[in-house]
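Accompanying notes for the structure given below.
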Amino acid sequence: MNNYLQAIILYAIKKFQGERSIYAIYHMLQGKKSSQTIQDAHLFGLTNIFGTMPVFTRQQLNQNIEQFLRDGFIDLTDKTDAYEVSQAGEEALARYLLDKPFPTYLNGWKYQNIAPVFWGRVSLLIQTISHIVHNERRFYPIQRSPKLQYFVKEFLHTNRQDRSLIARQIYEELVSLLESQSDLKRDIFILKLTGVNRIGLTFDQIAKRKEAEEEYVRFLFFDSLHQLLAELGDGADHPLLASLTNEWKRGGNPHLTQSTQTTLQYLQEGRSMSEIAEIRRLKQNTIEDHLVEIVLSDKRFPIADYVSSDDEREIAAAITELGTKKLKAIKQMVDNKQISFFQIRLVLAKMGDQ
Amino acid sequence: MMNIEHFLKNKFGFDEFRPGQKEVIESLLSGRHTLAMLPTGSGKSLCYQLPAYLLNKTILIVSPLLSLMQDQADQLKMNGEKSVLTLNSFLTLNQKRKAFDRLYSYRFIFLSPEMLSLDGVIQALKSIDIGLFVIDEAHCISQWGYDFRPDYLNLGEVRQKLNNPLTLALTATATDEVRQDIVSKLNIGQAAEIVSSVDRENITILIERVHTYEEKQLRVLELVRQFTGSGIIYFSSKKMAEAVTVFLQENGMESVNYYHGGMEQEQRMLIQQQFISGQLKVICATSAFGMGVNKADVRYVIHFHMPSAMEAYLQEIGRAGRDRQQSVAVLLYSDGDEGLPLHLMEQQLPTDAQLEGVCSYLGSSGLTLAHSTVPEKELLCQAYSLNEIQLRFFTQFIPADENPLHQVTQMKAYCRERKNANQEKLYKFLNWIHAKECRRIGVLGYFDEKQQALNPQCCDQCGMDAQKMEDVWPEVEIDQINSNFTWKEELAFILLKKDNGNEE
């Protein structure tokens, strides 16, 4: 195995157990917001890497698959483009991860949307404050997005206290959060920061300095960000940094696609699925996808309206017994004409990654 | 009239104008449409920034590139100007609405040409008092320019809709032919033309011949080792920019990195800013690097690959020596190097076969590009092996309500004309490389200029070479970067002020 990206891909192939084509991996790493990908992420326990490589290309994937085939790490299954990890592959992966353990805080599903924005805000706020504190009024914002710039401007407008106090507070909150992270992770985080008299380093530059691999550095950086976000929690201990994430807590569920959010609103108003389909001029299928997505992100969402508790039990039993996530097999097992694929998907979603 | 020198000092902190600036500003203040050709790095933006405060009306600036626009707006903001708006497609609906409501209150409004094709924008702009209409990179309006942009073509019409405001067309590189074209397309007949020399006398022009790729690479290494200070090395290929970066790094040049359009935005930004701040000394870049990069002390520009036209070359070497200190441009040429730009040019426009294929497909399927989805476009690109630029060509050239089949002939003629014009420019540049006369005279001749005075550090043809540069090389400060700090110390350096004893 040559690099971390390969380890991640092989890991995903292993998790899919030959039940999905490699293109599902492509969508997974890209974080495609389709019902299929979102469901797969949950069913196969890949929510951690979901959306962690937004710039991943098909070409990159294909090249790596060819490499794996040459190395004998994977075997083709009877399905097109679906592979299984071979014994040799398993061993290579395990050996590789021994050195560079899988980032444990990585949670792409939960944070891939907000982590880049959070980073943009933190890094621009730090750059701005750093210059103000050192009496440098002129600087070139390292984050180019007008949205981020507007956010920081508003932030400083609302938080009127002494800038050096803000600086100190950011310093203390960051130290307390980074203290519990591994040496490499916090070094990466710090090296990426821009302040007065220094510009942050790129992943490639950090990798060289730390004699690590660029992809590994990138994943560790995400891991560091995700850990920060997780530990910010309700923000009691780190009020300033937590205030950079406020609107995500207030707003609905940020993990749902826009369209699914709308469907959820109608559901909460008491509309039925067919009503919603009609109002929104969408196919019934689409609304079904939305429901599955909703259940995936909130396992407590009541599904009794769509599948009776008897049916739910029967489906759950079949899933457990078969140990598969293949809809067809489950449907054959329950052998009940009344039970639809949609209902099976709902139950699968509710059971989650077990 | 107000003393504009006084204003220059107070508002911008400069003691004197650079060549051309004062003439342009006076021409505008006397109410004349003005076409100004000022060389790269000579402070073009001051020509509209200063009048803005004297005219005291809104200034509209049309800029071809989003990044360029943002850079200029940020620079204004850095200088303490708060009343700046950049109108582009990135604004949210809400932000746009807010901006439109108080359009009159902005001193500077930057917009992209495509924003000006929206009726709502024009309507909103009509309601305000426009003091000056600025077209940056005005050569983009001309098909004879080296960087023609079709969406610049309707700027003439836009001007008319906005009741012919006072207009300033700015460019760094336009031949006489292109300048006439700008005036006529914008319909500013009586425009004053202020053309300062394209000559940058503090940049020595060197062309060196090498025979192989390896030789070229080694020569770059030698030059980078010899030249102190900051430098840019230009490539036509992303891959080569990366490869030479690695080569230089492996040979002990640590402060080198690459920059190209294929990188993620944040990484690109970091490299650019590291370079500007001096943290990074050498950049291996494609032509994507440089627009809006304001760095005064770039000492050298090396061309690993030749650019495709004299205009592009001047723009690129013009990034050296903005502090007016001695600098150097070295172009490394080996036989056949023109193949790469020729090939790239071919790919900028669709071939006849692609034109026919796409148009008949669109005609028979009834699909319109303006309304098609991403997958539909991808399919089209695959079927006719179109690249992104070629696809954009079709989107721009086929109006939604017209049958594409009726336009095939017209489009073919257009493409042929463009290709010929581009090739002609390349061959002119190639002739300059092969010519045995003074480089500077060649450059000036291209722009129908005559040389004013002899230049003691002129060019390879006049007896200069890289070795001799050492005698005239300006002093360069070399700063030591110490990085043996712990993460906490690093964070403290960024956030805590030293003199109040907060250092941990």
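- Counting only heavy atoms from C-beta outward, the side chains of Gln272(B) and Tyr140(A) approach each other to under 4.5 Å.
- Inter-residue side-chain proximity for Ile142(A) and Gln273(B) is flagged as met; some heavy-atom pair is nearer than 4.5 Å.
- Once rounded to the nearest 0.5 Å, the distance linking CD of Gln149(A) with NZ of Lys77(B) reads 6.0 Å.
- If you measure heavy-atom distances from Ile132(A) to chain B, you find no contacts under 4.5 Å at all.
- The contact between Phe139(A) and chain B is made entirely by backbone atoms, counting heavy-atom distances below 4.5 Å.
- The residue among Ser123(A), Ala167(A), Gly195(A) with the most heavy atom pairs within less than 4.5 Å of chain B is Ala167(A).
- Residue-environment remark: CD (Gln59(A)) stays at or below the threshold of 12 foreign heavy atoms within 6.0 Å.
- Considering only heavy atoms from C-beta on, Met263(B) stays 4.5 Å or farther from Thr202(A) through its side chain.
- Heavy-atom distances place the side chain of Glu266(B), and not its backbone, under 4.5 Å from chain A.
- In the displayed structure, Asn251(B) atom CG is contacted under 6.0 Å by more than 12 heavy atoms of other residues, nucleotides or ligands.
- The shortest distance between side-chain heavy atoms of Ile190(A) and Glu489(B) does not fall below 4.5 Å.
- For Gln265(B), the part lying near chain A is the side chain, with the backbone staying farther off; criterion is any non-hydrogen pair under 4.5 Å.
- Distance check, rounded to the nearest 0.5 Å: NZ of Lys488(B) to CZ of Arg186(A) gives 7.5 Å.
- In this structure, Phe493(B) and His134(A) have side chains that are not in contact, with every pair of non-hydrogen atoms separated by 4.5 Å or more.
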Could you give me the CA-CA distance, side-chain angles and deciding distance for Asp204(A) and Gln267(B), then say whether side chain to side chain contact (heavy atoms under 4.5 Å, CB included) is met? CA-CA 9 Å; Asp204(A) 173 52; Gln267(B) 308 290 299; 5.7 Å; no
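- Residue contact with chain B, scored on non-hydrogen atoms closer than 4.5 Å, is absent for Gln127(A).
- Contact tally against chain B (heavy-atom pairs below 4.5 Å) for Val196(A), Val175(A), Asp187(A): the top residue is Val175(A).
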Checking side chain to side chain contact (heavy atoms under 4.5 Å, CB included) for the pair Glu179(A)/Trp487(B): CA distance, chi angles, key distance, verdict? CA-CA 10 Å; Glu179(A) 201 93 63; Trp487(B) 65 277; 4.0 Å; yes
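- Contact check for Asn135(A) versus Lys497(B): side-chain heavy atoms found under the 4.5 Å cut-off.
- Closest heavy-atom contact between Arg144(A) and Asp71(B): NH2-OD1, 3.2 Å.
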Before giving the answer on side chain to side chain contact (heavy atoms under 4.5 Å, CB included), spell out for Gln143(A) and Met269(B) the whole-Å C-alpha distance, their side-chain angles and the decisive distance to 0.1 Å. CA-CA 8 Å; Gln143(A) 297 292 345; Met269(B) 221 52 235; over 6 Å; no
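- With a 4.5 Å cut-off on non-hydrogen atoms, Leu191(A) does not touch chain B at all.
- Annotation for Phe12(B): atom CZ counts as buried by contact number, over 12 foreign heavy atoms lying within 6.0 Å.
- In this structure the side chain of Gln205(A) reaches within 4.5 angstrom of the side chain of Leu280(B), judged on heavy atoms.
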Would Ile126(A) and Leu495(B) satisfy side chain to side chain contact (heavy atoms under 4.5 Å, CB included), going step by step from the backbone distance to the final call? CA-CA 7 Å; Ile126(A) 288 179; Leu495(B) 282 168; 4.1 Å; yes
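- Neither the backbone nor the side chain of Asp183(A) has a heavy atom closer than 4.5 Å to any heavy atom of chain B.
- A 6.0 Å sphere centred on NZ of Lys11(B) holds no more than 12 heavy atoms belonging to other residues, nucleotides or ligands.
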